[in-house]
Amino acid sequence: MLRFGVTPNAFTYPFALKSCAVLSLPFPGSQIHCHVIKTGCELEPFVVTSLISLYCKCALLDSARKVFDESSKVMKLTVCYNALISGYVLNSRVIDAVLLFGKMGEVGVERNAVTMLGLLPICLVPGFLWLGMCLHCLCVKMGLDFALSVANCLVTMYVKCGSVEYGRKLFNGMPEKGLITWNAMISGYAQNGLATHVLELYKEMESFGVCPDAVTFVGHKIEKQIEVNGFDSNPFLNNALINMYARCGHLKRARAIFDAMPLKSVVSWTAIIGGYGMHGQGDVAVELFDEMIKSGVRPDGTAFVSVLSACSHAGLTDKGSDYFASMKKQYGLQPGPEHYSCMVDLLGRAGRLNEARELIQSTQIEPDGAVWGALLGACKIHRNVELAELAFERVIRLEPTNIGYYVLLSNIYSDAGNLEGVMRIRVMMKERKLKKDPGCSYVELKGIVHLFLAGDKSHHQTAEIYRMLDELENLVEELRGSTNIDNKSNNEYLNGMGVHSEKLAIAFGLLNTSPGTDIVVMKNLRICGDCHLFIKLVSKIVDRQFVVRDATRFHHFKSGLCSCKDYW
DNA sequence: ATAGGGTTAG
């Protein structure tokens, strides 16, 4: 246009500027700014607003502010304020945003729904519930709380701040709901781990005749419907599907989806790497991580978490240490507590307990419960009572109600024959009114879920199941004697609670499936050493493969071996 | 004719 000698005017600039904003291109943007001044359009409200938005999107807040301040000669419109406020918010300059919002009130510029929408994302992180509620009150006063877009944002704010019930209340009270409203609430349940609520609300949405879009399916197991709806090329969905299939034990399907993706983002790589790590295939996880780097995708903090945890569970200690070092050196990433907990786990499993402890003490960042918890777990494996006591003392300061750590220390004492220690922990748990979650396992058979609790006798095949278990226990006992494996039950805490739920599920699976098929068992807690050994031996005796998914990962049992040594 | 905003992933 310029080459042709045609001069742009106030109508041209907003289009051009918006394109630069979308692409985050500050250089052509500032060139256009020069033209704006040359042609005397710098006071046109539409142009001013476009410029502010452009600079904000390129994180050049000072330039945006300059444009804003210089436009003060003309009447500043709500839209100018809105653009700059949202720019401040998106660049985490909360105070500037709030001050500007206040100034609107002083100067008497009208605030509208978009103003609130620009400001609300401040509160889309935990810890900002108080501010979010203030803004909600303001919206009510302004009569904007039922404007669909504002209400959508408020629902999101509540669920992201951990106040799901309040989000739902608001959701229920909305006279008009859009697709985004349903999606916001459904994903809110998903983010808070309320899977059954997700499915219920999804059904409700369908019954209301709301047609789902690509966003709705994130976190769902409805791949076919995704295809039918033509969303199978959506990267968000594919990333969620990779994660879902990996978590459900269908690693091959996860891999197929990953391989078919034309553009793999760091999220896609992280999902598949995490999947292999979860299944104990650390070698593949490491290969994929290196491949990712070769393909030019830059790892971020989460990608490192997935590869470090894969290394620790596969015993790749040196490899993991190298990655940890490269985080800072090559990628300038500051390791957070989540990385330190992986490293403590990695060193701890390898028996390098002192190094793990020194690593914790040497870090600048504040270790969280998981870091000390990893050390405690390593103490369990390597039977180090002294260090366990230290780790326990720290970990319960940070997570006083996490029952798992009490049980862990109690089992450490029990292994060491320290009954006094066991009693002390039990008293502690009683005093603090902490109760162990009941363990449960389930097997899915022809679309029906069969659930077992420890010592369960409610299943209609109970008699056969216990008969089968009796037989297996006898055979296992023989094998144990001949292989001279330490068969001491290390889950003393469970004594008196009857047969472990995973054993019941295994026996049920053997009774109801044909030879040659894998038996997949899901468990809510972590598998204990006793059951782990039991299942290992059973897999040898009956020549079947078992897959047990416990609270943290998958255990593939085959011919008396297991891919994963991570149990307690 | 032209400007500002909200939901979704590892």
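Small disclaimer: the values here were computed from a predicted structure and weren't measured. Order of the sequence lines fixes the chain letters, A, B, ..., with proteins taken first and strands second; residue numbering starts at 1 for each chain.
Atom OH in A:Tyr55 sits about 18 Å away from atom P in B:dA3, given to the nearest Å. Whole-Å rounding puts the A:Tyr189 OH to B:dA9 C1' distance at 21 Å. The CG atom of A:Leu17 sits 11 Å away from the P atom of B:dA3 (whole-angstrom rounding). Rounded to a whole Å, the CZ atom of A:Phe236 is 5 Å from the C1' atom of B:dT8. With rounding to whole Å, A:Arg298 atom CZ is found 22 Å from B:dG10 atom P. Rounded to whole angstrom, the span from the CG atom of A:Leu237 across to the C1' atom of B:dT7 amounts to 13 Å. Between A:Asn239 atom CG and B:dG10 atom C1' there is a gap of 7 Å when expressed in whole angstrom units. Distance, A:Leu263 CG to B:dA9 P: 20 Å, rounded to whole Å.
When the salt bridge (charged side-chain N to carboxylate O under 4.0 Å, His left out) test is applied to A:Arg549, no partner is found at least two apart in sequence or on another chain. Judged as a salt bridge (charged side-chain N to carboxylate O under 4.0 Å, His left out), and not counting sequence neighbours, A:Lys264 has no contacts. Scanning for salt bridge (charged side-chain N to carboxylate O under 4.0 Å, His left out) contacts around A:Asp145 gives an empty result, with sequence neighbours left out.
In this structure, A:Thr302 reaches the bases: a heavy-atom distance under 4.0 Å links it to at least one base atom across the strands shown. Among the heavy atoms of the strands, none lies under 4.0 Å from A:Val47.
Between A:Trp182 and A:Tyr202, a ring centre-to-centre spacing not shorter than 6.0 Å is recorded.
Between A:Ser86 and B:dG4, a side-chain N or O to OP1/OP2 separation shorter than 4.0 Å is absent. Between B:dT7 and A:Gln191, no contact under 4.0 Å exists linking OP1 or OP2 to a side-chain N or O. For the pair A:Asn243 and B:dG10, the criterion of a side-chain N or O lying under 4.0 Å from OP1 or OP2 is met. For the OP1/OP2 pair of B:dG4 and a distance below 4.0 Å, the side-chain nitrogens and oxygens of A:Lys18 include at least one atom meeting the criterion.
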Name the atoms and distances for all side-chain donor-acceptor pairs under 3.5 Å in residues 54-65 of chain A, with sequence neighbours left out.
unit_1  : atom_1 : unit_2  : atom_2 : d
A:Tyr55 : OH     : A:His33 : ND1    : 2.8
A:Arg65 : NE     : A:Asp69 : OD1    : 3.4
A:Arg65 : NH1    : A:Tyr88 : OH     : 3.2

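Sparse packing is recorded around OH of A:Tyr166, with 12 or fewer heavy atoms of other residues, nucleotides or ligands lying under 6.0 Å away.
Picking from B:dG6, B:dG4, B:dG10 the nucleotide with the shortest atom distance to the side chain of A:Asp300 gives B:dG10. Listed candidates were B:dA3, B:dG5, B:dG10. Nearest to the side chain of A:Lys57 is B:dG5. The side chain of A:Ala271 has B:dG10 as its nearest neighbour among B:dG4, B:dT8, B:dG10. Set against B:dT2, B:dA3, B:dG6, the side chain of A:Phe15 has B:dT2 as its closest nucleotide. In this structure, of B:dT7, B:dA9, B:dG4, it is B:dA9 that holds the atom nearest to the side chain of A:Val267.
Not a single donor-acceptor pair under 3.5 Å links the side chain of A:Tyr340 to the backbone N or O of A:Asp368.
Judged by distance alone with a 3.5 Å cut-off, a donor-acceptor contact links the side chain of A:Ser149 to the base of B:dG5. A donor-acceptor contact under 3.5 Å links the side chain of A:Thr270 to the base of B:dG10.
Listed by first and then second residue, the ring pair (Phe, Tyr, Trp, His ring centres under 6.0 Å) pairs that reach into residues 93-119 of chain A come to none, sequence neighbours excluded.
For the segment residues 110-139 of chain A, residues with any heavy atom less than 4.0 angstrom from an atom of DNA chain B are, sorted by number, A:Asn112, A:Val114, A:Leu117, A:Leu124.
For B:dT2, the base is not stacked against the aromatic ring of A:Phe11, per a cut-off of 5.5 Å between centres and 30° between planes.
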